[in-house]
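Just below is one structure, and these are the notes that go with it.
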Protein chains: 2
Amino acid sequence: MAKFKLDEIDHQILDMLIDNTRVPFTDIAKKLLISAGTVHVRVKKMEDAGIIKGSSLTLDYKKLGYSFIAYVGVFLQNTSQTKFVLQRINEIPYVTVAHVTTGKFNIFCKIRAKNTEHAKDIIFRLDDIEGVYRTETMISLEESINDKRRLMHDIFNAL
Amino acid sequence: MAKFKLDEIDHQILDMLIDNTRVPFTDIAKKLLISAGTVHVRVKKMEDAGIIKGSSLTLDYKKLGYSFIAYVGVFLQNTSQTKFVLQRINEIPYVTVAHVTTGKFNIFCKIRAKNTEHAKDIIFRLDDIEGVYRTETMISLEESINDKRRLMHDIFNAL
DNA sequence: GGTGAAACTTCTAATAA
DNA sequence: TTATTAGAAGTTTCACC
């Protein structure tokens with residue numbers, strides 16, 4: 001795959017879309033003083049290149065009754081089981097993301113649950129996976145998400 | 001704020017939008033055998049209720065040159081400094097999310113960097129924050145993101 | 001609540017520059 | 001590559017169930 005080079009216009013388009021994917025292309029065009037057709041072509045190109053992988057809603061999980069977040073470090077009996085255990089972990093929908101990591105833990109994952117009771121069930125389920133030696137849980141008392149826009153701004157200035 | 005109750009139609013609408021926020025309301029309407037106007041009204045209601053907080057692009061950070069992910073546990077000299085340190089941490093755009101946690105660390109955050117060199121700079125910057133005693137880094141060797149759709153499916157069936 | 005149609009806005013692809 | 005254009009498609013409102 002050829003390396004895709006984004007220019008300033010592309011950056012600005014992404015910048016406008018990153019916080020609201022439903023911004024009309026005509027609005028973007030007006031702001032950037034280009035035509036809506038150009039916006040369309042460029043977005044399509046970025047999609048084709050895989051830079052834009054998709055779009056998603058940001059939901060308020062608290063309002064949906066899922067206010068519990070924790071990180072769970074997983075110790076394996078043997079690192080050769082990593083792939084297998086990772087697959088089992090990914091079968092649990094309440095695990096939002098899992099990482100194979102260096103350092104203390106072999107696998108490290110984030111879970112989203114209704115409450116402590118529910119979290120307990122999820123953690124027990126993780127503990128029960130064949131090859132898992134033990135787990136260690138860190139409960140999130142407060143989550144502070146950084147604006148994607150700021151990272152993007154930095155990415156663009158650094159590129 | 002009055003508790004907002006989602007019904008089956010709302011779930012289905014969210015289910016269609018969660019993976020692609022630009023799905024036309026007319027498509028959703030057709031699939032759910034309702035009118036496009038109804039879809040519009042319901043989405044607006046969920047936005048007003050704050051269930052839908054926004055929408056965002058999913059970008060391929062690797063393709064943008066940011067292939068390094070790590071989790072950094074932060075030890076504070078004193079927990080009274082939590083708020084202050086959290087604010088300093090959030091000023092770093094490469095920190096995508098930070099949590100105040102129970103357990104080993106006081107604060108726990110995820111960083112996204114270009115490479116190890118860049119990550120080093122970020123971690124040093126974290127170390128340099130006033131009130132930070134020391135940090136502990138776990139490098140992600142492999143990230144496996146779980147489909148939001150699956151969590152949502154479970155949330156809806158549980159509600 | 002929901003509908004369906006009208007009025008308005010946006011998208012998209014073809015063509016031209 | 002980008003702009004223009006025009007028909008297709010989507011959004012949004014509103015009178016009426």
Side-chain angles (χ1 to χ4, degrees), chain A residues 1-60 63-65 148-149 152 155-157 159, chain B residues 1-60 63-65 148-149 152 155-157 159:
Chain A
M1 185 192 313
K3 174 80 182 160
F4 189 83
K5 185 83 187 112
L6 301 177
D7 67 12
E8 188 53 30
I9 304 277
D10 295 320
H11 295 171
Q12 304 248 31
I13 291 172
L14 289 180
D15 193 50
M16 289 192 74
L17 286 173
I18 195 113
D19 275 341
N20 177 9
T21 58
R22 292 187 86 102
V23 168
F25 288 2
T26 45
D27 282 10
I28 298 174
K30 239 173 278 170
K31 185 153 179 203
L32 304 186
L33 305 174
I34 55 178
S35 74
T38 303
V39 176
H40 176 243
V41 168
R42 280 172 177 263
V43 168
K44 190 149 187 4
K45 238 181 235 171
M46 290 190 277
E47 281 171 353
D48 291 346
I51 304 267
I52 297 175
K53 288 199 285 189
S55 58
S56 185
L57 292 182
T58 308
L59 299 178
D60 188 326
K63 290 203 169 119
L64 290 170
K148 269 192 188 179
R149 201 161 194 164
M152 234 181 45
I155 288 178
F156 293 159
N157 287 344
L159 278 179
Chain B
M1 183 195 315
K3 174 81 181 161
F4 188 85
K5 185 85 185 108
L6 299 177
D7 68 11
E8 187 55 28
I9 303 279
D10 295 320
H11 295 170
Q12 303 246 32
I13 292 172
L14 288 180
D15 193 51
M16 288 191 75
L17 286 173
I18 194 112
D19 275 341
N20 177 9
T21 58
R22 294 186 84 101
V23 169
F25 290 1
T26 45
D27 282 10
I28 298 175
K30 238 173 278 171
K31 185 153 177 202
L32 305 186
L33 306 173
I34 54 180
S35 74
T38 301
V39 177
H40 177 245
V41 168
R42 279 171 177 263
V43 168
K44 187 143 188 9
K45 238 181 235 170
M46 289 190 278
E47 281 170 353
D48 292 345
I51 304 267
I52 297 176
K53 288 198 285 189
S55 58
S56 185
L57 292 182
T58 309
L59 299 177
D60 189 327
K63 288 203 171 118
L64 291 170
K148 269 191 187 179
R149 200 162 194 162
M152 234 181 45
I155 288 178
F156 294 158
N157 286 344
L159 278 180

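On a predicted model such as this, the values are computed, not experimentally measured, just so you know. Just so it is clear: chains get the letters A, B, ... in the order the sequence lines come, proteins before strands, and each one is counted from 1.
Between the CE atom of B/Met152 and the NE2 atom of B/His11 there is a distance of 8.5 Å, given to the nearest 0.5 Å.
In this structure, the side chains of B/Met46 and B/Ile13 come closer than 4.5 Å at one or more pairs of heavy atoms. Looking at A/Leu6 and A/Leu14, their side chains come closer than 4.5 Å, going by heavy atoms from C-beta outward. At least one side-chain heavy atom of A/Ile155 sits under 4.5 Å from a side-chain heavy atom of B/Leu64.
What you find for A/Arg42 and A/Asp7 is that their closest heavy atoms are NH1-OD1, 2.8 Å. Nearest heavy-atom pair, A/Asp10 versus A/Lys5, reported as atom, atom and distance to 0.1 Å: OD2-O, 4.3 Å.
No side-chain donor-acceptor contact under 3.5 Å links A/Lys63 to the backbone of B/Ile52. Listed for the A/Lys45 side chain is no donor-acceptor partner under 3.5 Å among the backbone atoms of A/His40.
Under 4.0 Å is where a charged nitrogen must lie from a carboxylate oxygen, and between B/Lys44 and B/Asp48 at least one such pair does.
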Can you give me the N/O atom pairs linking the protein to nucleotides 2-4 of chain C at distances under 3.5 Å, or say none if there are none?
| residue | atom | partner | partner atom | Å |
| --- | --- | --- | --- | --- |
| C/dG2 | OP1 | B/Arg42 | NE | 3.1 |
| C/dG2 | OP1 | B/Arg42 | NH2 | 2.5 |
| C/dT3 | OP2 | B/Ser35 | N | 3.2 |
| C/dT3 | OP2 | B/Ser35 | OG | 3.2 |
| C/dT3 | OP2 | B/Thr38 | OG1 | 2.5 |

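Remark: the B/Thr21 side chain and the B/Ser55 side chain contain no N/O donor-acceptor pair separated by less than 3.5 Å.
Of the residues in residues 12-31 of chain B, those lying under 4.0 Å from DNA chain C by heavy-atom distance are B/Arg22.
Where DNA chain D meets chain B (any atom under 4.0 Å from a heavy atom), the bounding nucleotides read 5' to 3' are D/dG10 to D/dT13.
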